[in-house]
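Naming: A, B, ... by sequence-line order, numbering from 1 per chain. Just so you know, these numbers use all the heavy atoms, side chains as well, and skip hydrogens, waters and symmetry mates.
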Amino acid sequence: MNTYDEIIQLALERGFYFPSSELYSDANAGFWEYGPNGARMKNKFLDLWRRELVRRDNMLEIDGSQIMSKNVFKASGHLTNFTDPIVKCKKCSSSFRADKLILEVAKIEVSEGLENENVDDLILQNNIKCPLCKGEISKSERFNMMFKIEIGPNRDEAYLRPETCQSIFVDFSRLFKVSRGKLPLGIAQVGKSFRNEISPRQGLLRLREFYQAEIEIFCNPAKLNDLNKYDEIKNTLLRFYDTRIVELSVEEALEQKILPNKLVAYYLALLVEFFDKTGIDKKRTRLRRLSDQEKAFYSTVAFDFEVDTSIGWLELVACNYRSDYDLKSHSVTSKTNLEVMDDDTKVLPHVFELSLGVDRCIYSVLEHSYFIDRQNDDRVVLKLRPYLSPIHAGVLPLIKKQEFKDKASKLLSNIRKDFDVFYDESGSIGRRYRRLEEIGTPFAFTIDHQTLEDDTVTVRFRDSMNQERVKIDEAHSFLSKQLFTLS
RNA sequence: GCGACGGUCGUCCAGUUUGGUCUAGGACAUCAGAUUGCCAAUCUGGUAACCCGGGUUCAAAUCCCGGCCGUCGCACCA
């Protein structure tokens, strides 16, 4: 069994995540839900993201609507660009990307934005048949990846957002004013996005409904190298991938023109430092600069932050320099001037974005934390960083006798409001330790015979299996210290 | 979306070839009780499944059709 299968089995057995609507047989693919352990872990992951990015850089966080009007996506380009021309074979009903088919058969380069009629003409003129069965090709259709919905009794057209950032762009003008913002300004948002993927697969890795944590940095394009906080990160090591992975400091990468400017460098470094604290192995990550073909339609410079997993390299964060693409087109479509003052000059800000896929990150953290301890009867240990663990500590009376339970209650009441704790009195103590470490619980407090004498409990460490004693009254400060030490 | 293969307790698997004691079996997990008490102990008992719909048949987990889901390949993945 490979690691991917082991993770999905753990996720199902321990309630990290599982398919949505699984009670019914018409449940659609691409929808998964987080159970209690997954939800706790996701919340903690996002807390860390807030700590290391949003608060560190004094960004603003908003929470926007998931349903947005048609004009938003007209302006954003998604209505025209987020769509592919599809043709089908009338005989075997295989479907093909029309632009790819024309390129392949007739060697004619066509834009995917080409009108349907022109696509049909090209197919007719070049006598293109189905490559599989030589059947006749149908007229082309558009498949838009956005979910279209209807609003109110008039059934007004609207869409579920395919990325969270559009509300940040649409709200930018107000946010800049009400928060007395100054460029560069980061605006962040966590929320659901929706894409009607053709074939969602592999659990959390390709979803139709998924969480993004996005950051849009609004900046003055004339001042991309004018950044005081640059010194904080100039020595941070980044791993770039082209044909092989090269590790360079931010400063070196700027000198070698791998990074275009200090602003992009600064935020990529913040991102990498954040991931260092998630427990994802830095040696199995890379920043990959995208070629022109791979880049999104709005992007001028793009890096993907990728992580190596048992099923290959996985894109976790898309880092795009979107220039003024978004604000300009929203400005034109809405007929509103979205320029702001930066010192004495009026500028239409440019945008650098860090668009993070939360669900993929959760999977990656799980996979990089998954450990089978061959030294100790192959016990399964999820070596999550303590602050990401769904349960911070277990509370276990060694014996099911009342005086042990009373001490356990006392300990629980000291810590349960500030920490996620799990009380367990069923089964042998060893079995209870194993159950806790399988979901990543870093500490277990055991109420034993000595507790009755001196009010201390055993604290057992997940990774080393070592044991120490702490006073019941000091368990709270013990946990605080352990959990806030971000290594 | 196409093609190949598959879908049985929470998990993994047996049973399908050749329809009939399958009233669906096992292991692990889980729950209760007993016993024990610092690293998956033991015993007893329990909970718990044939993906959904239709068809063939005296009889369907088993055969047929459709749908859904999964794995792999192609395609897709702004």
Side-chain angles (χ1 to χ4, degrees), chain A residues 1-2 4-6 8-15 18-31 35 73 76-84 86-89 91-97 100-101 104 112-113 130-133 135 141 143-146 162-163 165 193 195-203 205-208 290 293-299 302 311 314-315 318 320 322 355 357 360 373 376-380 396-401 404 425-438 444 446-450 457-460 462 465-467:
Chain A
M1 188 150 68
N2 67 29
Y4 174 80
D5 293 325
E6 286 170 332
I8 190 117
Q9 186 172 328
L10 181 70
L12 291 171
E13 283 181 351
R14 296 303 189 179
F18 43 83
S20 177
S21 310
E22 61 178 339
L23 205 49
Y24 291 100
S25 62
D26 64 345
N28 299 109
F31 299 91
F73 301 109
S76 74
H78 284 89
L79 272 177
T80 48
N81 289 318
F82 207 58
T83 160
D84 297 323
I86 302 279
V87 290
K88 288 188 177 176
C89 169
K91 198 167 141 197
C92 70
S93 67
S94 302
S95 60
F96 306 94
R97 277 274 299 268
K100 298 254 167 116
L101 191 65
E104 202 175 293
E112 59 180 40
C130 172
L132 298 180
C133 75
E141 291 168 20
F143 179 73
N144 195 299
M145 303 255 294
M146 285 195 293
E163 53 180 13
C165 60
S193 291
R195 295 179 195 177
N196 202 353
E197 294 285 352
I198 294 172
S199 65
R201 273 179 198 182
Q202 291 179 315
L205 303 185
R206 170 98 59 86
L207 297 164
R208 286 183 165 135
L290 300 187
Q293 284 86 31
E294 288 178 296
K295 283 185 312 201
F297 58 85
Y298 44 68
S299 185
I311 50 174
L314 197 62
E315 174 194 339
N320 293 302
R322 300 175 73 123
S355 172
R360 290 175 165 199
D373 186 353
N376 293 286
D377 352 290
D378 294 352
R379 68 183 181 130
V380 171
L396 318 173
L398 188 62
I399 307 177
K400 261 191 210 177
K401 286 185 180 158
F404 287 74
E425 59 176 38
S426 116
S428 77
I429 194 68
R431 180 186 294 256
R432 283 179 274 166
Y433 289 148
R434 298 291 161 93
R435 280 193 290 229
L436 285 170
E437 61 204 14
E438 196 182 1
T446 305
I447 290 86
D448 51 25
H449 294 97
Q450 197 180 328
V457 293
T458 299
V459 53
R460 183 255 194 192
R462 173 193 69 198
M465 298 169 71
N466 288 342
Q467 303 194 342

Protein proximity profile, nucleotides 43-49 of chain B - base contact B, sugar-phosphate-only contact S, no contact -, cut-off 4.0 Å on heavy atoms: -------
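Both I311(A) and D448(A) lie near RNA chain B, and the one whose nearest nucleotide falls closer to the 5' end is D448(A).
In this structure, G77(A) reaches neither bases nor backbone, as no heavy-atom distance under 4.0 Å exists between it and the strands shown. Using a 4.0 Å heavy-atom criterion, one finds that Q202(A) contacts the sugar-phosphate atoms exclusively. Residue P162(A) is classed as a base contact, given a heavy-atom separation below 4.0 Å to a base.
The R201(A) side chain lies nearest to C72(B) when the options are C39(B), C72(B), C76(B). Among the nucleotides U71(B), C76(B), U11(B), the one closest to any side-chain atom of Q9(A) is U11(B). If you check C38(B), A75(B), G37(B) against the side chain of Y433(A), the one that comes closest is C38(B). Nearest to the side-chain atoms of L398(A) among the listed nucleotides G1(B), G37(B), A40(B) stands G37(B).
In this structure, C76(B) forms no base pair with any nucleotide, since neither Watson-Crick nor G-U wobble geometry is met with both distances under 3.5 Å. Across the strands present, G33(B) finds its partner in C43(B); the criterion is a Watson-Crick or G-U wobble pair with both atom distances under 3.5 angstrom. Base pairing analysis places G25(B) opposite C13(B); the two distances defining the Watson-Crick or G-U wobble pair are each below 3.5 Å. Using the Watson-Crick or G-U wobble rule with both distances under 3.5 Å, G70(B) pairs with C5(B). Look at A59(B): it lacks any Watson-Crick or wobble partner with both distances under 3.5 angstrom.
Side-chain atoms of R460(A) never come within 3.5 Å of backbone atoms of M465(A) as a donor-acceptor pair (strictly under, hydrogens ignored).
Side-chain nitrogen and oxygen atoms of R431(A) include at least one within less than 4.0 Å of the OP1 or OP2 phosphate oxygen of A29(B). Phosphate proximity of A41(B) to S428(A): present, with a side-chain N or O under 4.0 Å from OP1 or OP2. For R435(A) and U30(B), the shortest distance from a side-chain N or O to OP1 or OP2 is below 4.0 Å.
Of all heavy-atom pairs spanning E197(A) and R208(A), the tightest one is O-NH2, 2.8 Å. Nearest heavy atom pair, residue T446(A) against residue V457(A), reads O-CB, 3.4 Å.
Under 3.5 Å, the side chain of R379(A) and the base of C39(B) form no donor-acceptor pair of N or O atoms.
Rounded to whole Å, atom C1' of C76(B) lies 14 Å from atom CD of E315(A).
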Heteroatom pairs (N/O) under 3.5 angstrom, protein to nucleotides 67-69 of chain B:
unit_1: C68(B); atom_1: O3'; unit_2: A27(A); atom_2: O; d: 3.2
unit_1: C68(B); atom_1: O2'; unit_2: S25(A); atom_2: O; d: 2.5
unit_1: C68(B); atom_1: O2'; unit_2: A27(A); atom_2: O; d: 3.0
unit_1: C69(B); atom_1: OP1; unit_2: A29(A); atom_2: N; d: 2.6

